[in-house]
Amino acid sequence: MTMSYRRKMDNCGVVIPDSFYPVDSLRQYVHLGTVKNYAKNSSVIIPGEPTNALIIVLEGRIRINLISDDGREVLLYFAGKNCLLGRLFPTEDNIHAVAIENSTICRFTKDNLKEIFRDNEEMPFDILKNYLAKASYFMRQVAEINSYNPTIRILRLIYRLCVLHGKQLENAHEIVIKLSQANIAEITGAHYVTVSRVLNCLKKEKILNKNKDKIIVYDLEKLKLLSEQSTYY
DNA sequence: GCATTAAACATGG
DNA sequence: CCATGTTTAATGC
């Protein structure tokens, strides 16, 4: 693998499990599906609900949880505007989806989709890309968890966020993102106390500073070097 | 090397 | 006020 290819690969990944590959072209077929509104904190998909429709998020934001065997809910991903929820085929998974903003979704049954596909032969490929984006993320996530310690996963997350979404300032990089420490913990699989400790260490070393709606990275190279160690604690 | 626990503190609707 | 998020230290696996 050449360096340029590797760099490209690093830049095309999904860092935060959020919306993956939005399919905005599906919006024009909303009249063929079933639209429904959900208030903030209401359940969009209740556990055990039948899987008989492809869902697109028209507005708002939904948190998709997997219910584990012991009954706890663990984050799978966030679904924002034009994100698809693949609920067309039955699975073993027990999913609970909660609107974290007032949200609007549209459900397409298999028959709805047949009609859409007849009209738009590109549509199946867009939907495939959405599924691929999700599969790629979670495959990579398995490798990530198996390859790096929790503290390093936190550093790697922020580094990749910066490379992918960071805006170059005069003397720093700015990542505009609303991401709580609890969210970082859920995404990386590290404990939230560990996230707090790591972020404070990075702040004391003047490498970065994170607040409610942005992360400022002052020393990206140092962050990269630290993320290549075996641990940071 | 980090999770867990608990308890204190901080922010904001 | 309460809910939610953050910090810190002690202890455990």
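- At whole-Å resolution of the value, CD1 in A/Ile100 and C1' in C/dG5 are 15 Å apart.
- Here C/dT6 presents its P atom at 10 Å from CG of A/Leu179, a figure rounded to the nearest Å.
- Nucleotides of DNA chain B nearest to A/Lys212 and A/Thr194 differ in position, and the one nearer the 5' end is that of A/Thr194.
- In this structure, NZ of A/Lys210 is placed 9 Å from P of C/dT7, rounded to the nearest angstrom.
- Here C/dA9 presents its P atom at 11 Å from CG of A/Asn200, a figure rounded to the nearest Å.
- Within 4.0 Å of A/Ser230, counting heavy atoms only, lies no atom of the nucleic acid at all.
- With no hydrogens or angles considered, no side-chain donor-acceptor pair links A/Asn149 and A/Thr231 at under 3.5 Å.
- At whole-Å resolution of the value, OH in A/Tyr192 and C1' in C/dA9 are 13 Å apart.
- No engagement by A/Val195 is indicated, since no non-hydrogen atom pair under 4.0 Å with the nucleic acid exists.
- Extent of DNA chain B lying under 4.0 Å from chain A heavy atoms, first and last nucleotide in 5' to 3' order, is B/dG1 to B/dT5.
- Contact check, A/Gln181 against C/dT4: no side-chain N or O comes under 4.0 Å of OP1 or OP2.
- For A/Arg72 and A/Glu186, the salt-bridge test fails: no basic side-chain N is under 4.0 Å from an acidic carboxylate O.
- The aromatic rings of A/Phe20 and A/Tyr77 sit perpendicular to each other, their planes meeting at more than 60°, with 30° as the lower class boundary.
- One atom, CD1 of A/Ile215, and another, P of C/dT6, lie 12 Å apart when rounded to the nearest Å.
- Side-chain contact check for A/Arg87 and A/Asn52: no donor-acceptor pair (N or O, by modelled atom type) lies under 3.5 Å.
- The NZ atom of A/Lys178 sits 16 Å away from the P atom of C/dT4 (whole-angstrom rounding).
- Electrostatic pairing of A/Lys214 and A/Glu174 counts as a salt bridge here, judged by a charged N lying under 4.0 Å from a carboxylate O.
- With respect to the salt-bridge test (charged N to carboxylate O, under 4.0 angstrom), the residues A/Asp24 and A/Lys81 do not qualify.
- Taking the screw axis at each terminus of the helix from B/dG1-C/dC13 to B/dG13-C/dC1 from five consecutive base pairs, the angle between the two is 10° to within rounding of 10 degrees.
- Taking a cutoff of 4.0 Å between a charged side-chain nitrogen and a carboxylate oxygen, A/Arg27 and A/Glu59 qualify as a salt bridge.
- In this model, no donor atom of one side chain and acceptor atom of the other lie less than 3.5 Å apart for A/Asn112 and A/Glu115.
- What separates CZ of A/Arg197 from P of C/dT6 is a distance of 17 Å, to the nearest Å.
- Taking the ring centre of A/Tyr131 as origin, the terminal cationic atom of A/Lys134 falls inside the region bounded by 6.0 Å and 45° from the ring axis.
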